[in-house]
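Data first, discussion second: the structure below is written as structure tokens.
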Amino acid sequence: MSEMTFEKMIRQMTPAIYASLKQAVELRKWPDGRRLSESQLALCLEAVLKYEVEHDVPEAARVGYLERAGCSSQQGDEDEIKWVN
């Protein structure tokens, strides 16, 4: 796929297609249950990430977002572990 075609596809992608690709990346399966190949996974992930940037998806809703809690040495109680789902 040419780069220009890929970029055009990202600009024209609907929120429903984005959600479907995002779910496919998360589950590593297509909606019909077939597993994504490694190359399909990489291409879908690239499309999802580019869509998020192109369409200004809020940072907290993006793939791979991790809440920054700060350095544990600055929090006072270094024995406490905070799990975020």
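- The backbone N or O of Val57 sits less than 3.5 Å from a side-chain atom of Arg62, completing a donor-acceptor pair.
- Between Ile10 and His55, the shortest heavy-atom contact is O-CE1, 3.3 Å.
- The nearest pair of heavy atoms linking Lys22 to Val48 is N-CG2, 3.7 Å.
- Atom CD of Gln12 and atom CD1 of Ile17 lie 9.5 Å apart (nearest 0.5 Å).
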query = Passes side chain to side chain contact (heavy atoms under 4.5 Å, CB included), Glu54 versus Arg11? Steps please.
reply = CA-CA 7 Å; Glu54 182 80 23; Arg11 286 191 301 273; 3.4 Å; yes
Lys50 and Phe6: CA distance, side-chain angles, deciding distance, side chain to side chain contact (heavy atoms under 4.5 Å, CB included) verdict = CA-CA 10 Å; Lys50 286 187 181 241; Phe6 186 77; 3.5 Å; yes
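- By the 6.0 Å contact criterion, CZ on Arg28 is open, its count of non-hydrogen atoms from other residues, nucleotides or ligands being 12 or less.
- By the rule that hydrophobic residues join a cluster once side-chain heavy atoms approach within less than 4.5 Å of another member, Leu27 and Leu49 end up as members of separate clusters.
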query = side chain to side chain contact (heavy atoms under 4.5 Å, CB included) between Thr5 and Lys8: does it pass, once the steps are laid out?
reply = CA-CA 5 Å; Thr5 303; Lys8 184 177 179 182; 5.7 Å; no
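- Met9 and Leu45 end up in the same hydrophobic cluster when Ile, Leu, Val, Met, Phe, Trp and Tyr side chains are linked at under 4.5 Å.
- Heavy-atom neighbours of Glu59 CD from other residues, nucleotides or ligands within 6.0 Å: at or below the threshold of 12.
- When every heavy atom of Ala61 is checked against every heavy atom of Tyr18, the shortest pair comes out as O-OH, 4.2 Å.
- By the 4.5 Å heavy-atom criterion applied to side chains, Gln23 and Ser20 are not counted as neighbours.
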request  = For the pair Leu21 and Met13, evaluate side chain to side chain contact (heavy atoms under 4.5 Å, CB included) and give the outcome as yes or no after the intermediate values.
outcome  = CA-CA 10 Å; Leu21 288 176; Met13 189 184 301; 3.8 Å; yes
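- Here the closest heavy-atom approach between residue Trp30 and residue Ala24 is recorded as CE3-CB, 4.3 Å.
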